[in-house]
Novice: 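Mind having a look at this structure? Questions to follow.
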Amino acid sequence: MAKPLFIFTITVCILFNVTVSPQSPTLTAAHTELIKYGFPVGLLPTNILSYNLNHTSGDFVVKLGDTCRITLPPDNYRATYSKTITGKIVENRIAEVDGIGVRAFFRWWGITGIRSNGQDLTFEVGYITKSFPSKNFDQSPECEGQRSSS
Ligand SMILES: *[C@@H]1O[C@H](CO)[C@@H](O)[C@H](O)[C@H]1NC(C)=O
């Protein structure tokens, strides 16, 4: 009697694994933490070495294996991540960000804050803000040039 259930369970496990495997090897505890605070995983690239979060103050430090360049769809904004990214995270808001830059209007700008309302992400550069649909950040981006250099 137990056998059909056993086979069913195995089948479900296999199906589940197949579904999640393209994304799961790259997701780290830091990505999981983003989700808990209301942010999509795509805010952080895949090459995370370590992260540290003070749950009381929200202060965090994310260390990457190397600096990272990515291109954000759909407008092809170029962004760079420093090896060390710091900030302060609370539900739906990341403040005092240091280590993430975006290229716009012919120069680089340091992102200072990021807000989430579930639908959209709003990036702040000082008092200037720009919003994008959160679904654009569903996948953790792979750093450009990383594959070919390793
Ligand atoms: C975490 O933050 C709180 C509040 O700022 C501070 O009192 C505490 O010392 C911090 N803990 C660590 C491990 O840094």
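Nothing here was measured: the structure is a model prediction, and the numbers come from that model. We count ligands from 1, going down the list as the structure has it; atoms in each ligand are counted the same way. What you see below is based on every heavy atom in this structure, not just the backbone, and it leaves out hydrogens, waters and symmetry mates.
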Novice: Is the number of heavy atoms from other residues, nucleotides or ligands within 6.0 Å of NZ (K88) greater than 12?
Specialist: yes
Novice: Who's the nearest protein heavy-atom neighbour of atom 14 (O) of ligand 1, and how far?
Specialist: N54 ND2, 3.5 Å
Novice: F123: what forms a ring-ring contact (aromatic ring centres under 6.0 Å, His included) with it, not counting sequence neighbours?
Specialist: F132, F137
Novice: Please report whether atom 9 (O) of ligand 1 has a protein non-hydrogen atom at a separation of less than 4.0 Å.
Specialist: no
Novice: Tell me if a side-chain donor or acceptor on T122 pairs with a main-chain N or O of S131 at a distance below 3.5 Å.
Specialist: no
Novice: Is any heavy atom of the protein nearer than 4.0 Å to atom 2 (O) of ligand 1?
Specialist: yes
Novice: Please list the nearest protein heavy atom to atom 5 (O) of ligand 1 with its residue and the distance rounded to 0.1 Å.
Specialist: S57 CB, 3.5 Å
Novice: Going by the rule side chain to side chain contact (heavy atoms under 4.5 Å, CB included), which residues pair with S82 if we only count those two or more places apart in sequence or in a different chain?
Specialist: none
